[in-house]
Amino acid sequence: MKLIFEKSSPGRGGVRIPEDRISPEEVIPAELLRSEPAELPEVSESEVVRHYTRLSRLNFSVDTHFYPLGSCTMKHNPRACEKAASVPELCETHPLWPQLRHGGLLTQGSLQILYSLERILSEITGLAEFTLQPMAGSHGELTAVMMMAAYHRDRGNKKTHIIIPDSAHGTNPASAALGGYSVVTVPSDENGVMDLEKFKEAVNEETAGVMLTLPNTLGVFNPQIRELIDAVHAVDGLMYYDGANFNAIMGRIKPGDLGFDLCHLNLHKSFSTPHGGGGPGTGPVGVCEKLRPFLPISRVAKTKDGTYTLDYDHPKSIGYIAPFYGNFSILVRAYAYLLMLGREGLRGTSNRAVLNANYLLEKLRGSYAAVSESRCMHECVFSGKSLGEGIHTLDLAKALLDRGVHAPTIYFPLNVPEAIMIEPTETETKETLDEFVTMMEEIMELSKTDPDALHAAPVTTPVGRLDEVAAAKNMDLTYTGDQND
Amino acid sequence: MSHTPFVCTSPADEKAMLHAVDAESFDDLFSHIPAEFQTDQFGLSAGLSEMEMMQHLRKIARKNSSDLTNFCGAGFYDHFIPAAVDSLTSRGEFFTAYTPYQPEAAQGTLQAAYEYQTAIARLTGMEVSNASLYDGGTALFEGMMMALRITRRNCVLVDTGVSPIYRTMLRSYTRNLKIDYKEIPLSGGIADRDAFAQHLDDSIGAVLLQNPNFFGCIDDLTGLIEQIHRVKAVAVVSTYPVSLGLLKTPGEMGADIVTGEGQSLGMPLSFGGPYLGFMATRKKLVRNMPGRIVGATQDTQGRRGYVLTLQAREQHIRREKAASNICTNMQLCALRSIVYLSLLGKHGFADVARQCMDRAGYAWTRLKAIDGVEPLFDRPFFNEFALKLPKDASEVVSDLIEEGIAAGFPAGRYYVGMENVLLFAFTEKRTKKEIDILAARLESVL
């Protein structure tokens, strides 16, 4: 499809600018002005509407396609949450108003939502207090690592490294490094969980903490979790819960009760806020009692008279990690979702997410090699080794696109060769899952009878397989032409 | 009968599915998790219906003030957003898609990102852009880290004209890293050339500047950037994108990395987010740039298509050695901004910039004519300026809120000794009449 820049024609425009002109006495000297106006498109509103409507139709999305992307929890985004976030009084408030004198009174509604959401997240994770500031899951990880560092500095601990299992998301080691720590990687055992013996060898006085996903990225719950936590606490290390997979256990297990000291939650995963093609996300972080002093400022507090206020007076705080209070309108969506879900809905959700995953695991076991013998949690992992010769999971992925299903995760976890990681979530029907199983079986069959058909996939998508090597080599990152075609 | 919200299986399905996985009950699915790890103690209310939830939320929302005339900016501005921005970006195909890991099924997201990158490069006068970062503050931090990676040095100079909100963030982020971080006070409202000259040596990896700066002053940084380049340091310039409708670009001034807050390009103020961090640079530095980058390529039949590219720098490949820990971007906000920029277009966008500037210019003349009011800095400004008042600026703001006006942002909140300084911001949404009322009310409370 043409670019919006290629549709440009001089003299067109999409928005009429008000005629209320003011001519000031002061003018900016010419040498401070740009030499030419920026070459933005010159297009009418109808062209813009048609262009982006057409572009939208080139996408797979949760609203249009089954999206069983393991480790990413792509579930239905309820429309009521959108409506909640678009209430005008919530959209039009300036984030600096609370910092004006008595300004907190101008934004009592927004502050109350933040305060209430923090309390709910504390309740469902078993952690003492939350900050809603982190603007993505990986930003939450970094915030948590910064709090770990502040805790150890305060205690006079000399800590140098963070322990991370080899099955972890790549963001964990990257966040640890950005927080100033070196990374010690511990391998998984044959069950896909962190090897307890190797873990115990790695833990020592210089361990600042451990970052762990539970259930892990293979969808396996580590039954030895208490032993791991005790070993870390014995050296005054901190245990961090990566909440990427919280959808599996919410309403049933509180990370704080297990002994985790910090955790982040991806609201765009378990709490059903849309992810817009890859963001915004939002990654609130909860901490146990002893880490409370290190939370970022500002913090929302409730005063004796029942009003809400921002509190900056925390000398041990890691400081500001975001300009304001997080991705507020995303937080409103999560709050609305949690209000509708309620107590029973939380557990009802994880029950069905786990049931749907186990159902797929059981149905696909016959044709694909499951990574684990046991039941799974909210996602199931297979290896594509049994696909026909020369057929990779990438071919399987593209064949699924042709059948109108987004592909499962296939590049991850790194410790499974030819991984196929499927997360159906609770918002899919049995009919959808059954159709998916049929497709997967058909593709397995094709991989042996007609491998060329799979190598050629996808053929029904707007473009066929794209040359990623050429993209990196030729680096065409912006449009440089200026004329119409 | 009550059902669990948003769950799609029927009771009959569930019975059949439990049977298929050889489980007696839902609890049975979790039986491998020791019972002592599980709890049903959740102090939460029962779920609300959609109707009850909306009633509850509207009631809370009404506690916010919603009818203030806003002159408060400080980096975050009340611009007009055309209706088509909301309407197009709320399409489910954009809204509920994920990271484009399967490019053939995500050409909409990817092409929009490529268009966004093009627009940001053209606005900033740079060659390439990434597909967005979290916000202007984290973008500046990432710009600084990028500069230190390029120079392999660890000293940073920061002008205090850089937003104090961003500087507090930078101080938090650099706390655990081996970075020598130094702030250089302003001189007469702009970057202090002499002070920078004194500090610039071959230990300096990054110099962070802002134009227009926090006080709204415009500064041609060209000469200063030449000085920075003389010691082979990297110049990172944070900028306000609407000003680039008119002002000399950081690219024209020689900047190496340009960052900023994109909220003004179609995002509502929304009490702080989601916003949009942008970052642009020169082509030769692109491999050091953090975040997602979209590139054009071809499919097997030679058709143009788009993919995520240069992923070898990223956390999912390089793990602890990655260019940053960033996994996601602000794709939906980036989409809002390219739709916004397309609707306004080449001349409309320049016109919005001119209207912001003209309104500020008019207000400047009106407000500084008030008895006892004087400019903090007498320098060219874009849409924002600071005035010294004869009394405490916070008090003045409180008084004017009673009159329905959010008059500005008191600079004393961040700058010691500026208790009487008030920062006023103007966008195309503020009318001449509103500015006249502001002037009259300000006069009456002083």
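Order of the sequence lines sets the chain letters (A, B, ...), proteins ahead of strands, with each chain counted from 1. None of the values given here were measured: they were computed from a predicted structure.
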Structural part of B/Val294 lying under 4.5 Å from a heavy atom of chain A: backbone

Name the region of A/Thr429, side chain, backbone, both or neither, that has any atom closer than 4.5 Å to a heavy atom of chain B. both

Who pairs with B/Arg58 by salt bridge (Lys or Arg N to Asp or Glu O under 4.0 Å), at least two apart in sequence or on another chain? none

So for A/Pro29, is it side chain, backbone, both, or neither that comes closer than 4.5 Å to the heavy atoms of chain B? side chain

Measuring heavy-atom distances to chain B, does A/Gln99 have an atom under 4.5 Å in its side chain, in its backbone, in both, or in neither? both

Might you confirm whether atom NZ of A/Lys363 has over 12 heavy atoms from other residues, nucleotides or ligands at distances under 6.0 Å? no

With sequence neighbours left out, write down each residue that passes salt bridge (Lys or Arg N to Asp or Glu O under 4.0 Å) with A/Glu89, or none if nothing qualifies. none

Which atoms of B/Thr365 approach chain A - backbone, side chain, both or neither, heavy atom under 4.5 Å: side chain

Where does B/Glu14 contact chain A at under 4.5 Å (heavy atoms): side chain, backbone, both or neither? both

Taking atom types as modelled, find out whether A/Glu428 and A/Tyr67 have a side-chain donor-acceptor pair closer than 3.5 angstrom. no

Which portion of B/Thr118 sits near chain A, non-hydrogen atoms under 4.5 angstrom: both

Cut-off 4.5 Å, heavy atoms of chain B, and the answer for A/Leu258 is side chain

Could you tell me which portion of B/Tyr306 (side chain, backbone, both or neither) has an atom closer than 4.5 angstrom to a non-hydrogen atom of chain A? both

Portion of A/His94 that has a non-hydrogen atom of chain B nearer than 4.5 angstrom: both

For A/Ile28, which atoms come within 4.5 Å of any heavy atom of chain B: side chain, backbone, both, or neither? side chain

